[in-house]
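In what follows, every chain begins at residue 1, and chains take the letters A, B, ... in the order their sequences are listed.
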Amino acid sequence: MSTPAGPRRVTLFVTCIVDQLYPEIGKATVQILEHLGVAIHVPRGLTCCGQMAFNAGFRDESYAVAGRTIELLRGQGDVVLPSGSCAAMIRHLYAELFAHSPYARPAAELAARTYELTEYLVDVLGITDIGAHYQGRITYHDACHGLRFLGVGRQARALLAHVREAEIHPLPNCETCCGFGGLFAIKQHAISEAMLDRKIRDVQATGADLLVTGDASCMTQIGGGLSRRSIPTRARHIAEVLANMVDARPV
Amino acid sequence: MSTHTLHFFERVDTALHDATLRTALDRATARFVGNRARAMSALSDADRLRDQARALRAHALSRLDELLERLAERVEARGGHVCWASDGEQVKRYITDLARSRGVRSIVKSKSMASEEIHLNEALEQAGIEVVETDLGEYIIQIAGETPSHIIAPAIHKTREQVGALFEKHLGMPPTTEVPPMIRTARQALRQRFLRADMGISGVNFGVAEEGAIVIIENEGNARLTTTVPRIHVAIMGIERIVERLEDLGVLLQVLARSATGQKLSVYTSIISGPARPGEADGPEEFHLVLLDNGRSQILGGQYAEALMCIRCGACLNACPVYQSIGGHAYGGVYSGPIGAILTPLLQPDLPDSHLLPHASSLCGACQEVCPVRIAIPDLLLRLRADAVRAGKFHPIEKPAIQGYATMMNNPALYRVGGKFAHLGARLLRRKGRIRRLPPPLHLWTRGRDFPALPAQTFSEWWEERERQRRSG
């Protein structure tokens, strides 16, 4: 394992979903980064990137939430998120949300130093082997926003390829959406479930005991579907696998 | 049953419970997606070609007025007639008046989404004129009494088995599920119609300004017959479908065919520039070009202008997991899929539930990934959602919910307390570490999915505790 040259420091933005629903993903992220010698700062009071309101069309509400996030992340160096979706909100959609506003410049400046976790590990730190271990069969689902708006996928695969004893089985249609889509999963729940059915068929076809993805939201959708159908395959965030923190929780 | 009278959610429900539809969609979209991927990857410079296609479309739209005038001028110079139609009513009036004044009793049609957009067939039939669709897919849905469910494959929602049954009933064909005999039967029936038609109506893939020509691409050859056999040819073109020069087609036709069907080029590419000239054996006596605005000029120059770059390849439909699940009819408008979810609210704002269509997307971006002209479809869908909210079109529960969310996210103390309450609530609902039933409106989540049990300690609490211990230790 190689370690990055020189001391590094990042600001960790775990996102509201990880904070409230999956603190273990945040802890795993801390463990990985600290293991690689990266000092972590978590700004007090950081909550949400504003994506939920933005995607629902409520731009004023989103502007307020995202504006506050920009303020809290001003001058905080590189920002790392264990979520392709929230990173894509900052990198791709803040430009639209803050166009012609006083936040336009700080938003662009923040976008330029924001990274999704696997992207940060591989592209910035240049690390693909962090000494993780998992005995079992893993398959990887590409989370849409990370994949299409950040170009993340290659990095996660490189990291998983170095997990000792893990058998990696490609997921058929790995780039097809699982049907989460934020409020889409509730507002269009029937379509969302139809999309999930297809995803679960593909997951089952791999025979994997672990479905790994880079977004807590896809993990909630696919994991929730697997659990409801009593399928023993577990859905986990890639940070948990890389930090050797995969446990036996059901969802 | 016509699904058009139903509300969007009912149409979705109908589609999701139609096992035959799901089978037809699975088969067809998978084939299209695979063909497109192979055709694009065979190009060494696919990305550059797409950039060029986008630039050509952007260029044409930026000079739309000028190019349309040049097109009209040249069409007229070649003996054609041009009708500038601001809406569908004008087109319908123009064509029915024309048909009446020329004694037209029978019309053949080929490949026109624009005529679907304005419901031309109904108007012609009401005027007592026989109209027959000659594209095989269009013909199938015409005899089935339905509307197209896909931009380039109008009968994509039908299985071979269903088409066999339709042909048995309407064309007296012996029962079969084999495609070739079905095609033969349809062709025989259609040949008679071509011979007796007085007028042919076609769509337009591109109008070429400098040539004063229109371009039609197809795979069956029916458009060639439609535009040459009857004595009158009427072409209906959405005003945005223009390019400046013939050379531009070199780029656009390549990405169009590849994106649509995975072909390098469509089987037939016809470039038509007016009626038959004196001494020419083939071609119609009269050529009419209808330039249809129908809301398009309103879109131009605004935040949705990019949608007018669309060259109607249908790739975004095939790639869309929502379209793959519900098919085209569920969208309710003429254009379906991701691009339809943009075009329908813009072009048919009177449809009562068109504002819901931009929500029929998980914003996964698969559409943008395949779009040959790289339309930022998810961004446009998000803008339409914002417009709908500004216009007050949202579910009554949404505003308080979103405002509650924003208040909580903007107030760390409230965020903490809210989290605690959520945790307490979740503890009551938890069974074996998961939640099988959430209270309304979140019960929609737990209809088909379990929800994770909320942890006793949030990440922020854990982090602060750790920091405290570090400082004191």
Side chain proximity check, [X] to [Y], heavy atoms < 4.5 angstrom:
X: I25(A); Y: F459(B); result: no
X: Q20(A); Y: Y415(B); result: yes
X: E96(A); Y: L382(B); result: no
X: P452(B); Y: Y22(A); result: yes
X: R390(B); Y: R59(A); result: yes
X: M409(B); Y: E61(A); result: no
X: D379(B); Y: H92(A); result: yes

Using a cut-off of under 4.5 Å on heavy-atom pairs, state which of [options] scores highest against chain B.
options: L226(A), D60(A), I40(A); value: I40(A)
options: Q221(A), E175(A), H145(A); value: Q221(A)
options: A56(A), G26(A), G57(A), A53(A); value: G57(A)
options: V18(A), N173(A), D197(A), V14(A); value: V14(A)
options: G182(A), S62(A), C16(A); value: C16(A)
options: R198(A), M52(A), R44(A); value: R198(A)

Work out which heavy atom in [X] is nearest to a heavy atom in [Y]; give both atom names and the distance.
X: N55(A); Y: R385(B); result: O-NH1, 2.8 Å
X: F149(A); Y: G365(B); result: CZ-CA, 4.4 Å
X: F184(A); Y: A360(B); result: CE1-C, 4.1 Å
X: L16(B); Y: A194(A); result: CD2-CB, 3.7 Å

For chain A, the option from H443(B), H423(B), Q403(B), M408(B) that forms the most heavy-atom pairs under 4.5 Å: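 Of H443(B), H423(B), Q403(B), M408(B), Q403(B) has the most heavy-atom pairs under 4.5 Å with chain A.
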
Would you give the length of the straight line joining atom [atom1] of [X] to atom [atom2] of [Y], rounded to the nearest 0.5 angstrom?
X: I186(A); Y: L442(B); atom1: CD1; atom2: CG; value: 5.0 Å
X: M195(A); Y: C320(B); atom1: CE; atom2: SG; value: 7.0 Å
X: C364(B); Y: D142(A); atom1: SG; atom2: CG; value: 11.5 Å

ask   = Is a salt bridge present between R470(B) and E34(A), judged by a nitrogen-to-oxygen distance below 4.0 Å?
value =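 Between E34(A) and R470(B) there is a salt bridge, with a charged N closer than 4.0 Å to a carboxylate O.
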
Fill in: E465(B)/K27(A) ion pair, N-O < 4.0 Å
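Looking at K27(A) together with E465(B), the answer is no, because their closest N to O distance does not fall below 4.0 Å.
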
Look at the side chain of [X] and the backbone N and O of [Y], then say whether any donor-acceptor pair between them is shorter than 3.5 Å.
X: D19(A); Y: T458(B); value: no
X: R228(A); Y: T446(B); value: yes
X: S362(B); Y: G181(A); value: no

Practice problem: Start with the C-alpha distance between K187(A) and F9(B), add both sets of side-chain angles, then the distance that settles side-chain contact (heavy atoms from CB on, under 4.5 Å), and finish with yes or no. | Solution: CA-CA 10 Å; K187(A) 289 165 92 165; F9(B) 289 112; 5.7 Å; no

Could you give me the CA-CA distance, side-chain angles and deciding distance for S192(A) and R449(B), then say whether side chain to side chain donor-acceptor pair (under 3.5 Å) is met? CA-CA 10 Å; S192(A) 170; R449(B) 297 154 289 202; 2.7 Å; yes

Next on the checklist: Between Q368(B) and chain A, with a heavy-atom cut-off of 4.5 Å, which part of the residue counts as in contact: side chain, backbone, both or neither?
Outcome noted: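 Contact with chain A involves the side chain of Q368(B) alone.
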
Between F394(B) and F58(A), is the gap from one ring center to the other below 6.0 Å?
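Yes, ring centres under 6.0 Å apart.
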
